[in-house]
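These notes are about the structure you will find just below.
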Amino acid sequence: MRKRAVRPRRGGGHGAPHVGVRGAGHVLAAGFKYFLEGSGIEELLQEIEPKAASREAKAEFVIYHATFDAYPAWLQDLPNK
């Protein structure tokens, strides 16, 4: 199942970055506060594509980058394909 990325509206807000997000009420109610656009995830997956990475490693890579806004140190340890 493919999940749809949700983007905040520009200029909306009341000070919170996720206020004004359309179609994401249930996501916000669940406590999520950060959204990744589909294109951002695709760019990250392109970065790790030359590496011999499992699906789990790719998921961890995307999650790490979303959490820390940086590449994980272990990325350099992965061998190339």
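From a predicted model like this one, the values you see are computed outputs, not experimental measurements.
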Nearest atoms (heavy-atom pairs only) where Leu75 meets Phe61: CD2-CE1, 3.7 Å
Apply side chain to side chain contact (heavy atoms under 4.5 Å, CB included) to Ile48 and Tyr71, showing your working. CA-CA 10 Å; Ile48 199 170; Tyr71 295 126; over 6 Å; no
Who are the side-chain contact (heavy atoms from CB on, under 4.5 Å) partners of Glu60, not counting sequence neighbours? Trp74
Partners meeting side-chain contact (heavy atoms from CB on, under 4.5 Å) with Glu49 (sequence neighbours left out): Lys58, Lys81
Pairing residues for Ile41 by the side-chain contact (heavy atoms from CB on, under 4.5 Å) criterion, not counting sequence neighbours: Leu36, Leu45, Val62
All side-chain contact (heavy atoms from CB on, under 4.5 Å) counterparts of Tyr64, not counting sequence neighbours: Phe68, Pro72
What are the two closest heavy atoms between Leu78 and Ala53, and how far apart are they? CD1-CB, 4.0 Å
